[in-house]
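Below is one structure; the comments refer to it alone.
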Amino acid sequence: MSENVVHLHKPTDPPTDDTAPTVLTVVPDAPPARPVPLWVRSGHVVKSAVTHESTRTTVRAAARHGLYTFNGGRIVARRAWDGRTGSRYERMIRAAEAAGNLEAAEEWEERLQRFRAARHHRRMDLLHSPVDAAKGVAVGAGMSVGALVALGVVMAISTGHVGDVITPLSATIDFIALLIRIVQIVWGPALTIGPFLALLALWSVGRKQQAAPAWALPANVRSSEGEPITPSIVVKALRDLGISPLKTAIKEMGDAGASMLGPIRIAGCGVEVDVTLPSGVATDEVQKRRRKLAENLTRHEHEVFITIPEAARTVRLWIADSGALDEPIGPSPLVTDETMTANYKTGKAPWGQDLRGDAAELSVYQRHLLVTGLSNQGKTAALRALALWLALDRTVQFWIADLKGIGDWAMFDGIAQILIEGPSDDHVIRATEMVEDAVEEMNRRIEERRQDSTVVFEPLIVVVDEAQLAFMCPVVGEDKRPYGGAKATSRYFMAVRKLHNQGRAVDVLMWQGTQDPTDQNLPKLVREGAHTRASLVVGTESQSRMALGDKAVNGGAAPHLLRQGLDKGTLVVASDGITIPAGQASITVRTHFIDDEPAAEIAERAKMLRDGATTLRVVDQGEERDALADVAAVIGEAARLRTNEVLKRLHALAPKVYGDQWTNDRLKSLLEEHGEEPKKSHGVMVVHRDHVLRALANRDADGSASASQ
């Protein structure tokens with residue numbers, strides 16, 4: 001290893017002057033000229049000693065036992081003061097007044113008056129006690145001497161010795177002398193040992209009360225994670241939050257703050273308690289200190305939830321059993337109960353469990369839905385679980401655009417009338433046109449409702465998963481209108497807004513799933529148009545407000561405090577379609593996870609209930625298509641279909657092939673070319689399924705079908 005050596009020499013060579021200054025140069029690869037200073041090495045030793053584990057243990061032990069003794073003295077002094085004065089009663093009176101319980105305050109006032117009267121009586125008795133005590137001592141001494149002399153006379157008569165008259169008296173005097181001697185011997189050591197015994201007693205009191213900081217307590221005491229929640233633990237946790245008015249109020253309460261707490265109730269995998277805060281303490285001050293409160297309760301932050309019930313100045317704490325939220329919940333009833341069916345109007349989807357362990361069921365009747373959250377946290381699974389349940393109602397129609405396009409919704413082939421799968425701009429364009437078609441269907445239903453108010457429509461659920469791609473799409477159409485964006489010119493944005501405005505009245509509903517909400521990928525008017533808003537974990541509080549609204553977040557909803565990757569499938573839901581405890585604006589739901597294989601099995605059950613359905617799977621465009629076969633495909637199992645509906649479905653199937661150039665005349669020409677043509681039914685032009693199938697059967701063997709480029 002290279003070393004440095006220090007040489008001293010003159011600045012010139014040869015030297016010209018004996019008084020030339022000495023120059024210091026460093027020459028490498030030589031041993032050091034002098035050792036490292038001792039103070040440097042000793043400093044290293046001191047640092048090592050301070051950071052050594054045994055040193056830290058010793059310091060903690062010394063601090064712990066010293067504080068046990070000091071705080072034990074405080075506890076004993078406080079108890080003595082409470083016993084000799086009326087301070088205990090005064091604290092109880094203030095606590096009752098703070099809680100607004102005037103009857104209890106009056107009762108404690110009466111007790112205080114009785115205590116003061118009894119204390120006055122005892123003090124008056126003390127004024128006469130010295131005289132009474134002296135008289136008692138004199139009388140007692142005289143009677144004792146007389147009794148001893150009488151006993152001696154009896155002994156003298158019995159023995160015949162006159163000296164026995166004073167024997168009992170002499171024996172008593174000797175016994176008293178012995179006692180005095182014992183006291184003289186013990187008194188000195190007692191004076192020496194007494195203070196140590198007193199300190200030991202104070203130490204014992206402090207140790208029993210664990211009257212020392214958490215850092216100084218033994219490891220087995222500090223590691224109290226998972227201990228049962230008791231009133232004293234809750235009050236202590238609140239007292240140590242760092243809110244001065246709260247700490248002062250708890251100290252002044254005669255019951256040490258117990259009157260603040262409601263009953264501690266078992267609630268699922270945890271407990272629940274309402275805390276009435278004293279005057280001058282706001283509920284949001286406690287909400288802002290959720291992490292500190294959780295740590296004071298020996299819990300992790302995600303295991304404590306703070307909500308605001310209806311009662312004024314009250315916070316509701318839900319405290320999970322330690323580690324309970326990391327345990328998975330059971331499988332979905334959709335998986336375990338093969339006989340389950342759904343009812344769009346009166347039923348509720350079995351979505352998961354709330355924090356109390358009760359079933360969380362959601363009604364989707366005439367409610368637009370928005371599910372948001374960070375990527376890979378269970379958004380698609382939560383949205384798909386609702387759709388799988390609703391698919392068991394054979395009257396419900398589905399139009400689905402999966403803009404992720406990796407097969408998450410593939411099991412709806414045969415259930416959905418339209419299924420778009422893919423992340424490209426072309427897929428976004430098709431999804432936008434699908435939503436616009438839903439707007440047209442909504443308008444048609446509204447017009448039909450105006451003509452016949454008793455008409456009932458089959459529910460149509462329009463699902464767009466990964467909707468942020470639609471809002472962020474940069475493509476501009478031929479009409480110069482952008483597909484994406486959040487302005488009035490945006491085709492997707494305006495179509496969704498129209499569905500939100502009037503769709504629920506005729507059961508055309510919009511369900512959207514989107515990632516990482518911002519004003520750019522989830523405009524305000526769209527997110528506020530959803531009746532049911534649910535959020536998985538998000539990055540910031542502002543995103544929580546975007547996902548759920550200000551009211552829910554102000555009421556305690558905090559999806560931004562969920563743990564990314566660890567709380568997958570945990571949703572914070574704001575909706576009137578789910579049972580939410582009174583006074584709360586949201587509820588936390590741990591959703592059932594339905595994997596792809598059981599999801600496919602549920603979808604098969606739905607297909608059996610529906611007797612099959614034809615799904616228009618939107619495929620890549622630009623290829624040559626068999627128009628007559630596509631007409632047969634879009635008609636599906638229906639006996640006949642209006643020509644306008646056939647054109648709409650063709651356009652959804654392949655917009656670039658069956659675009660604006662495909663009209664009623666083009667469709668009529670196609671069918672006439674094969675010996676069939678649309679017929680009128682009740683004054684409306686329709687295409688019969690049997691006619692199209694007959695045309696397909698009669699086509700030339702060389703496949704001379706009319707094809708469209």
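Below, each value reflects all heavy atoms present in this structure, side chains not excepted, and no hydrogens, waters or symmetry copies.
The closest donor-acceptor contact from the side chain of R533 to the backbone of A547 lies under 3.5 Å. With N296 contributing its side chain and A237 its backbone, the two residues share a donor-acceptor pair below 3.5 Å. Looking only at distances, a side-chain donor or acceptor of D354 sits under 3.5 Å from a matching main-chain atom of D358. For Y344 (side chain) and Q366 (main-chain N/O), a donor-acceptor pair under 3.5 Å exists by modelled atom type. Judged by distance alone, the side chain of N343 and the main-chain N or O of T346 form a donor-acceptor pair under 3.5 Å. Of the possible polar contacts, none joining the S204 side chain to the L200 backbone as a donor-acceptor pair under 3.5 Å is found. Judged by distance alone, with hydrogens and angles left aside, the side-chain atoms of S535 form no donor-acceptor pair with the main-chain N or O of G373 at under 3.5 Å. The main-chain N or O of W81 is found under 3.5 Å from a side-chain atom of T85 such that the two form a donor-acceptor pair. At distances below 3.5 Å, at least one donor-acceptor pair connects side-chain atoms of W318 with backbone N or O atoms of A267. Side-chain atoms of H368 come within 3.5 Å of backbone atoms of L499 as a donor-acceptor pair (strictly under, hydrogens ignored).
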Could you give the side-chain donor-acceptor pairs of residues 379-388 under 3.5 Å, partners two or more places apart or in another chain?
| from | atom 1 | to | atom 2 | distance (Å) |
| --- | --- | --- | --- | --- |
| K379 | NZ | D465 | OD1 | 3.4 |
| K379 | NZ | E466 | OE2 | 3.0 |
| T380 | OG1 | D465 | OD2 | 2.8 |
| R384 | NH1 | D408 | O | 2.8 |
| R384 | NH1 | D596 | OD1 | 3.0 |
| R384 | NH2 | I594 | O | 2.8 |
| R384 | NH2 | D596 | OD1 | 3.3 |

Under the criterion side-chain contact (heavy atoms from CB on, under 4.5 Å), I'd like the reasoning laid out for T579 against K348: C-alpha separation, chi angles, the key distance, then a yes or no. CA-CA 11 Å; T579 302; K348 289 189 174 183; 4.0 Å; yes
Working note: L317 + L293, criterion side-chain contact (heavy atoms from CB on, under 4.5 Å); need CA distance, chi angles, decisive distance, verdict. CA-CA 10 Å; L317 307 180; L293 177 61; 3.9 Å; yes
side-chain contact (heavy atoms from CB on, under 4.5 Å) evaluation trace for R563 with V537: CA-CA 7 Å; R563 301 167 298 167; V537 57; over 6 Å; no
Can you list the steps and then say if D519 with R527 is a salt bridge (charged side-chain N to carboxylate O under 4.0 Å, His left out)? CA-CA 10 Å; D519 283 327; R527 60 182 185 250; 3.1 Å; yes
Test log, rule side-chain contact (heavy atoms from CB on, under 4.5 Å), inputs W351 and V573: CA-CA 11 Å; W351 212 6; V573 185; 4.0 Å; yes
Please lay out, stage by stage, how R545 and N554 fare under the test side-chain hydrogen bond (donor to acceptor under 3.5 Å, both in side chains). CA-CA 9 Å; R545 295 183 181 275; N554 292 339; 3.1 Å; yes
Evaluate the side-chain hydrogen bond (donor to acceptor under 3.5 Å, both in side chains) criterion for residues S544 and H560: first the C-alpha distance (whole Å), next the side-chain angles of each, then the deciding distance (0.1 Å), finally the verdict. CA-CA 6 Å; S544 294; H560 56 285; 2.7 Å; yes
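Here the CZ-CG distance, from F305 to L561, works out to 8.5 Å after rounding to the nearest 0.5 Å. Of the inter-residue distances, the one linking Q353 atom CD with T570 atom OG1 reads 11.0 Å to the nearest 0.5 angstrom. H531 contributes atom NE2, which lies 8.0 Å from atom CG of D576 (distance to the nearest 0.5 angstrom). K404 contributes atom NZ, which lies 6.5 Å from atom CD of Q515 (distance to the nearest 0.5 angstrom). From S375, atom OG reaches atom CG of L536 across 11.0 Å, with rounding to the nearest 0.5 Å. For the atom pair CD1 of I229 and OG1 of T298, the computed distance is 5.5 Å after rounding to the nearest 0.5 Å.
Considering every non-hydrogen atom in both L370 and A530, the closest pair reads CB-CB, 3.7 Å. Across every non-hydrogen atom of F493 and G485, the tightest pair is CB-O, 3.5 Å. Across all non-hydrogen atoms, the minimal contact from M340 to L334 is SD-CD2, 3.5 Å. Across all non-hydrogen atoms, the minimal contact from F471 to N521 is CD1-O, 3.2 Å. Nearest heavy-atom pair across G529 and H500 is CA-ND1, 3.5 Å. The heavy-atom pair separating W389 from G347 by the smallest distance is CH2-C, 3.6 Å.
E361 places none of its side-chain heavy atoms less than 4.5 Å from the side chain of I578. No side-chain heavy atom of L525 sits under 4.5 Å from any side-chain heavy atom of P523. A 4.5 Å side-chain heavy-atom check between L277 and T314 finds every atom pair outside the cut-off. Under the 4.5 Å side-chain criterion, counting only non-hydrogen atoms from C-beta, L509 is not in contact with V364. Residues T518 and L522 have side chains not in contact (no heavy-atom distance under 4.5 Å, counting atoms from C-beta outward). Counting only heavy atoms from C-beta outward, the side chains of Q512 and L369 never approach each other to under 4.5 Å. Within the 4.5 Å cutoff, the side chain of M260 has heavy atoms near those of the L238 side chain. Taking the side chain as every heavy atom from C-beta outward, L261 and D274 never approach each other to under 4.5 Å.
By the 6.0 Å contact criterion, NZ on K247 is open, its count of non-hydrogen atoms from other residues, nucleotides or ligands being 12 or less. Heavy atoms of other residues, nucleotides or ligands lying less than 6.0 angstrom from NZ of K236 number 12 at most. Counting heavy atoms of neighbouring residues, nucleotides and ligands inside a 6.0 Å radius, atom CZ of R119 exceeds 12 of them.
When each of V275, L241, I308 is paired with V286, the side chain to side chain contact (heavy atoms under 4.5 Å, CB included) condition holds for L241 and for no other.
Residues in residues 280-295 take part in these side chain to side chain donor-acceptor pair (under 3.5 Å) pairs, two or more places apart or across chains: R291-E301.
Between the side chains of Q468 and D516, no donor-acceptor pair of N or O atoms lies under 3.5 Å.
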